[in-house]
Asks: 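Would you mind keeping the following structure in view while I ask a few things?
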Amino acid sequence: MANDKRYSVVIAGGGSTFTPGFVLNLIQNEDKFPLRKLKFYDNDAERQKKIGDACAIIIKERAPHIEFEYTTDPKEAFTDVDFVMGSIRVGKYKMRSLDEKIPLRYGVNGQETTGPGGMAYGLRSIPAILQIIDWMEEYSPNAWMINYSNTIAIVAEACRRFRPNSKVINICDMPIDIMTRMAQICGLKDFHDIDFNYYGLNHFGWWKEVRDKKTGKDLMPELKKYVAKDGYWVGGDFDKDTEASWEETFKKAADCYALEPETLPNTYMQYYYFPQYEVKNANPEHTRTDEILEYRQKIVFGECKRIVEEGTAKNNMWDRNAVHSEYIVDICHAIAYNTHEKFLANIPNNGAIANMDPDSIVEVPCYFGADGVQPMATGMAGRFQRGMMMEQQTCEKLVVDAYEQKSYDKMLQAFALNKTVPDASVAKKILDDMIPVNKPYWPDLK
Ligand code: NAD
Ligand code: LMR
């Protein structure tokens with residue numbers, strides 16, 4: 001290790017379903033990224049307590065040298081920290097459910113981060129994330145924020161506009177999840193064994209190149225053959241815990257690939273390539289939120305309750321690695337030890353994709369180090385991809401315009417322009433249903 005410093009981390013959104021897995025991962029990777037302090041911050045004390053009490057037991061048993069606390073007080077949370085992990089869901093699952101179900105009323109795709117639901121969620125997240133950045137800068141001016149609170153593309157555009165000099169990096173685990181599958185398909189261990197060139201927007205991108213990191217072997221021919229048939233579905237033991245809707249998503253990648261066979265697609269392209277199929281396939285009464293409430297959230301909170309009741313975290317469900325959080329530990333390590341490892345980040349383009357505007361927010365490979373992220377030049381986007389990106393990123397910018405100008409018209413234009421919405425009158429109906437339920441979170445759109 002290049003230094004012997006131990007780090008202090010705060011997880012903003014301590015009550016997140018991903019928190020215990022992340023804590024276990026931090027502890028398991030202390031040789032890479034040693035900790036002295038871990039804090040949780042949330043604005044829902046009751047929810048956070050359930051996760052916090054279980055994590056206190058995990059830490060006491062596995063890493064008693066780590067000072068641990070959870071709080072709803074921003075000053076306490078953000079003082080003396082080196083890294084802030086942004087994992088908040090503004091409006092929680094109650095609002096996610098509405099993001100999904102309101103568009104479906106009008107035959108439009110209802111999804112967490114895509115289409116009108118994703119834009120609604122993005123508009124809710126902007127002020128909360130800006131506030132967390134401000135607290136971090138006030139109480140720990142040297143800290144970095146690694147944010148994965150969605151809707152990332154919109155949050156990243158808000159950061160570019162309103163906090164251009166802040167030390168915040170917006171990231172996503174979907175490409176890592178897919179690269180873990182690519183590694184499986186090609187007989188490699190995990191995503192660390194893969195080198196890649198990828199470009200796009202968040203939840204909206206394509207692999208141009210995939211190689212075996214050690215040998216340099218081009219894996220695209222093998223992967224293309226596999227994806228054309230089975231998408232990114234691996235099956236067997238690897239997928240034994242994968243939920244039904246994700247199985248469909250990984251398999252649907254075969255159809256996405258068929259549309260543009262020069263690259264390999266991010267799974268989220270399904271919502272833009274096949275919006276009518278997605279709507280036909282959806283149950284407007286039972287969306288992804290319901291699946292999470294019945295499965296992931298129930299399991300996570302059930303496991304936390306069990307740990308607290310039994311007073312021990314022996315044999316807990318997170319002892320198996322969670323890909324989502326492993327990647328985040330890798331990123332902290334790269335920044336703390338200035339390794340210049342390559343990961344994806346959502347940043348202002350500034351030439352990274354040669355034929356996109358400098359001020360576009362793009363998701364591209366970046367070298368992570370003590371100075372933050374240095375983007376890699378990914379080359380030219382194909383004509384098809386560029387057309388898709390121009391439309392989508394304009395929607396994302398219009399949402400931030402709506403926030404900045406408190407403008408109803410900008411939000412309506414964002415919905416009307418989106419590839420998932422068939423017509424402006426439908427966009428208006430969705431927006432008009434969303435405004436009253438989002439009143440506690442959105443600016444007053446005029
Ligand atoms: P969750 O609802 O389980 O937890 C989110 C927590 O945030 C809740 O405890 C809630 O009380 C808290 N919260 C909401 N608003 C807050 C605020 N203003 N200040 C402090 N805390 C606040 O959510 P989850 O499913 O665990 O997801 C957490 C976040 O991570 C979401 O934004 C989700 O979209 C995102 N996510 C990102 C990726 C990625 O790789 N980018 C992957 C999965 C999930
Ligand atoms: C989640 O909550 O898991 C999402 O971020 C992605 C999904 O599963 O819909």
Side-chain angles (χ1 to χ4, degrees), residues 109 111 113-114 172-278 280-281 288 323-324 327 342-344 353 362-365 378-389 392 419-420:
N109 165 49
Q111 208 275 326
T113 61
T114 63
C172 175
D173 72 346
M174 194 67 239
I176 289 286
D177 193 345
I178 297 171
M179 285 193 281
T180 303
R181 289 170 180 277
M182 290 176 174
Q184 281 291 315
I185 292 164
C186 298
L188 300 172
K189 189 167 158 269
D190 61 27
F191 67 88
H192 295 101
D193 296 335
I194 280 185
D195 196 9
F196 61 96
N197 189 357
Y198 175 98
Y199 73 92
L201 316 175
N202 181 240
H203 287 181
F204 201 102
W206 302 267
W207 278 268
K208 278 174 101 148
E209 231 178 288
V210 181
R211 288 182 185 276
D212 180 327
K213 205 188 247 175
K214 269 197 214 96
T215 63
K217 183 183 167 202
D218 181 5
L219 301 175
M220 285 297 261
E222 184 181 347
L223 284 169
K224 284 181 175 182
K225 214 166 139 202
Y226 187 97
V227 174
K229 197 164 149 277
D230 295 319
Y232 297 116
W233 180 250
V234 174
D237 232 28
F238 182 87
D239 268 316
K240 72 176 180 337
D241 295 328
T242 303
E243 293 153 281
S245 63
W246 276 104
E247 176 173 348
E248 265 183 58
T249 290
F250 290 125
K251 289 181 174 168
K252 189 73 185 161
D255 293 341
C256 295
Y257 167 69
L259 187 62
E260 206 295 287
E262 279 179 28
T263 56
L264 287 167
N266 190 304
T267 47
Y268 279 89
M269 295 318 298
Q270 68 179 328
Y271 300 107
Y272 302 96
Y273 292 173
F274 305 108
Q276 295 191 348
Y277 167 87
E278 293 301 328
K280 222 170 81 209
N281 228 18
R288 172 72 184 146
V323 168
H324 172 71
Y327 166 48
K342 191 165 94 178
F343 301 102
L344 290 165
I353 304 174
V362 294
E363 189 167 83
V364 288
T378 64
M380 298 276 279
R383 193 189 302 284
F384 170 72
Q385 284 92 342
R386 181 170 181 275
M388 297 276 304
M389 286 193 284
Q392 177 62 19
K419 189 144 183 358
T420 65

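Everything numeric here is computed off the predicted structure, so don't read it as measured data.
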Asks: Could you grab the distance from atom OH of Tyr271 to atom OH of Tyr277, nearest 0.5 Å is fine?
Replies: 10.5 Å
Asks: Salt bridge or not for Asp239 and Arg181, using N-O below 4.0 Å?
Replies: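 Yes, this pair counts.
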Asks: Tell me which pairs pass salt bridge (charged side-chain N to carboxylate O under 4.0 Å, His left out) where either residue lies in residues 188-206, with sequence neighbours left out.
Replies: Asp195-Lys342
Asks: Which atom names give the shortest non-hydrogen contact between His203 and Tyr272, and what distance separates them?
Replies: O-CE1, 4.0 Å
Asks: Once rounded to the nearest 0.5 Å, what's the spacing between atom NZ of Lys240 and atom CZ of Phe238?
Replies: 10.5 Å
Asks: Is atom CD of Glu247 surrounded by more than 12 heavy atoms (other residues, nucleotides or ligands) closer than 6.0 Å?
Replies: yes
Asks: With side chains defined as the heavy atoms from C-beta onward, is the minimum distance between Leu344 and Phe196 less than 4.5 Å?
Replies: yes
Asks: Looking at Glu278 and Lys252, is any side-chain nitrogen of the basic one under 4.0 Å from a carboxylate oxygen of the acidic one?
Replies: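 No, this pair does not count.
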Asks: To the nearest 0.5 Å, how far apart are OG1 in Thr114 and NZ in Lys419?
Replies: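 Going from the OG1 atom of Thr114 to the NZ atom of Lys419 covers 12.5 Å.
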Asks: Please tell me if the side chains of Met182 and Leu264 come closer than 4.5 Å, counting only heavy atoms from C-beta onward.
Replies: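 Sidechains of Leu264 and Met182: in contact.
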Asks: Taking all non-hydrogen atoms of both residues, which atom of Asn266 and which atom of Pro175 are closest, and how far apart?
Replies: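 Scanning both residues, the minimum pair turns out to be ND2-CG, 4.2 Å.
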Asks: Determine, stepwise, if the pair Ile353 / Met389 fulfils side-chain contact (heavy atoms from CB on, under 4.5 Å).
Replies: CA-CA 11 Å; Ile353 304 174; Met389 286 193 284; 4.3 Å; yes
Asks: Roughly how far, to the nearest 0.5 Å, is the CG atom of Asn281 from the OG atom of Ser245?
Replies: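 One finds 10.5 Å between OG of Ser245 and CG of Asn281.
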Asks: For Met269 and Phe204, work out which heavy atoms get closest and say how close.
Replies: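 Closest pair (atom of Met269, atom of Phe204, distance): SD-CA, 3.4 Å.
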Asks: So, taking the atom named CH2 in Trp246 and the one named CH2 in Trp233, what distance separates them when rounded to the nearest 0.5 Å?
Replies: 12.0 Å
Asks: Output a table of donor-acceptor pairs, distance under 3.5 Å, between side-chain atoms of residues 216-225 and any protein atom two or more places apart or on a different chain; print 'none' if there are none.
Replies:
from, atom 1, to, atom 2, distance (Å)
Asp218, OD1, Met220, N, 2.9
Lys224, NZ, Pro261, O, 3.2
Lys224, NZ, Glu262, O, 3.2

Asks: For the residue pair Ile194 and Met179, what are the closest heavy atoms and their distance?
Replies: CD1-O, 3.4 Å
Asks: Name each donor-acceptor pair under 3.5 Å that joins a side chain in residues 378-386 to protein atoms two or more places apart or in another chain, with its distance.
Replies:
from, atom 1, to, atom 2, distance (Å)
Thr378, OG1, Ala352, O, 2.9
Gln385, NE2, Glu260, OE1, 2.8
Gln385, NE2, Thr263, OG1, 3.4
Arg386, NE, Asn355, O, 2.5

Asks: Of the non-hydrogen atoms in Phe191 and Ala183, which two are nearest, and what is the gap between them?
Replies: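 That closest heavy-atom pairing would be N-CB, 4.3 Å.
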Asks: What are the two closest heavy atoms between Pro265 and Tyr257, and how far apart are they?
Replies: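 It is CG-N, 3.8 Å.
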Asks: What's the spacing between Trp206 CH2 and Tyr199 OH if we round to 0.5 Å?
Replies: 6.0 Å
Asks: Do Asp177 and Tyr232 have side-chain atoms, one donor and one acceptor, less than 3.5 Å apart?
Replies: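 There is no such pair between these side chains.
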